[in-house]
Amino acid sequence: MNPLRCYRKNTFVILLDVCDYTFQAGDTIYFTVKVKPDDDTTDGDALIKTSWTYGTDVDLNDQGVLECTLTATETDIDFGDYFYDIKLVAASDPTVEQTLVTGDFTVLPVATLRV
């Protein structure tokens, strides 16, 4: 488990280092935050549900790491402890899904929310 912590209503960058995989244009990285894992295949109850497409929304930085950005709007959920995962779906074979990482996702309280 790999915990993530961010401040509520702040831009947050997730650094994703996938050592044994060469990203191809069109690969999709899914990020989902829920109160707890469940069997809902639509992820309809997800508090954060976003994705990035390699070559369009996200690329490798100079260190060979993906910088996946959550917006302040996406992190505007009640502070508390949740569960997240990051899943990769390869453009070359969309039937193959690979969960890369899971863990606790903590949204920390802040005082300034009016921005």
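Remember, predicted model here, so these are calculated numbers, not experimental data. Only heavy atoms go into these numbers, but all of them, side chains included; no hydrogens, no water, no symmetry mates.
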Enquirer: Please say whether more than 12 non-hydrogen atoms of neighbouring residues, nucleotides or ligands are located less than 6.0 Å from CZ in Phe23.
Expert: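 Counting other residues, nucleotides and ligands, CZ of Phe23 exceeds 12 neighbours.
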Enquirer: For Tyr54 and Leu60, run side chain to side chain contact (heavy atoms under 4.5 Å, CB included): C-alpha distance rounded to whole Å, both residues' side-chain angles, the deciding distance at 0.1 Å, then the answer.
Expert: CA-CA 9 Å; Tyr54 184 76; Leu60 296 174; 3.8 Å; yes
Enquirer: To the nearest 0.5 Å, how far apart are NZ in Lys87 and CG in Leu100?
Expert: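 Here the interatomic distance stands at 10.0 Å.
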Enquirer: Which heavy atom of Val35 sits nearest a heavy atom of Tyr82, and at what distance?
Expert: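 Of all heavy-atom pairs spanning Val35 and Tyr82, the closest is CA-CD2, 4.0 Å.
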Enquirer: Taking a hydrophobic cluster as the set of Ile, Leu, Val, Met, Phe, Trp and Tyr residues connected by side-chain heavy atoms closer than 4.5 Å, whether directly or through intermediates, do Leu66 and Tyr30 fall within one such cluster?
Expert: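 No, Leu66 does not connect to Tyr30 through the hydrophobic network.
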Enquirer: Verify the distance criterion only: is there a donor paired with an acceptor across the side chains of Asp27 and Tyr21 at less than 3.5 Å?
Expert: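 On atom types as modelled, these side chains qualify, holding a pair under 3.5 Å.
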Enquirer: Treat each ILVMFWY residue as a node, draw an edge where side-chain heavy atoms are under 4.5 Å apart, and state whether Trp52 and Val18 are in one component.
Expert: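 Same cluster.
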Enquirer: Quick one: pull up SG in Cys6 and CD1 in Ile14 and give me the separation to the nearest 0.5 Å.
Expert: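 Cys6 SG to Ile14 CD1: 8.0 Å, rounded to 0.5 Å.
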Enquirer: How many angstroms lie between atom CD1 of Ile48 and atom CD1 of Ile77, to the nearest 0.5 angstrom?
Expert: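 That separation rounds to 4.0 Å.
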Enquirer: Ignoring hydrogens, what is the shortest heavy-atom contact between Glu67 and Leu15? Give both atom names and the distance.
Expert: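 Result for this residue pair: CG-CD2, 3.5 Å.
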Enquirer: Please give me the minimum heavy-atom distance between Ala46 and Thr32, naming the atom from each residue.
Expert: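 Smallest interatomic distance, heavy atoms only, reads CB-CG2, 3.7 Å.
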Enquirer: In this structure, would Leu4 and Tyr7 fall into the same cluster of hydrophobic residues linked by side-chain contacts under 4.5 Å?
Expert: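 Different clusters.
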Enquirer: So, taking the atom named CG in Asp45 and the one named CG in Asp38, what distance separates them when rounded to the nearest 0.5 Å?
Expert: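 Separation between the atoms: 4.5 Å.
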Enquirer: Could you measure the distance from the OG1 atom of Thr71 to the CZ atom of Phe12? Nearest 0.5 Å is fine.
Expert: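 Thr71 atom OG1 to Phe12 atom CZ measures 12.5 Å (nearest 0.5 Å).
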Enquirer: List the atom of Leu113, the atom of Lys9, and the distance in Å for their closest heavy-atom pair.
Expert: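 Reported closest heavy-atom pair: O-NZ, 2.5 Å.
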Enquirer: Taking all atoms of both residues into account, what is the closest heavy-atom pair of Pro94 and Ala91, and its distance?
Expert: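 Taking Pro94 first and Ala91 second, the nearest heavy atoms are CD-O, 3.7 Å.
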Enquirer: When you check the gap from the basic side-chain N to the acidic O, do Lys34 and Asp43 get nearer than 4.0 Å?
Expert: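 So Lys34 pairs with Asp43 through a salt bridge.
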Enquirer: Any chain of hydrophobic side-chain contacts (each under 4.5 Å) joining Phe31 to Phe83?
Expert: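 Phe31 does not cluster with Phe83.
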Enquirer: What are the two closest heavy atoms between Gly26 and Thr53, and how far apart are they?
Expert: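 Smallest interatomic distance, heavy atoms only, reads CA-CG2, 3.7 Å.
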Enquirer: I need the Lys36 NZ to Asp81 CG distance, nearest 0.5 Å.
Expert: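 Separation between the atoms: 15.0 Å.
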Enquirer: Going by heavy atoms in the side chains, are Arg8 and Asp78 under 4.5 Å from each other?
Expert: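 They are in contact (side-chain heavy atoms under 4.5 Å apart), so the answer is yes.
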Enquirer: With the 4.5 Å side-chain cut-off for hydrophobic clustering, are Val110 and Val107 part of the same group?
Expert: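 Shared cluster, no.
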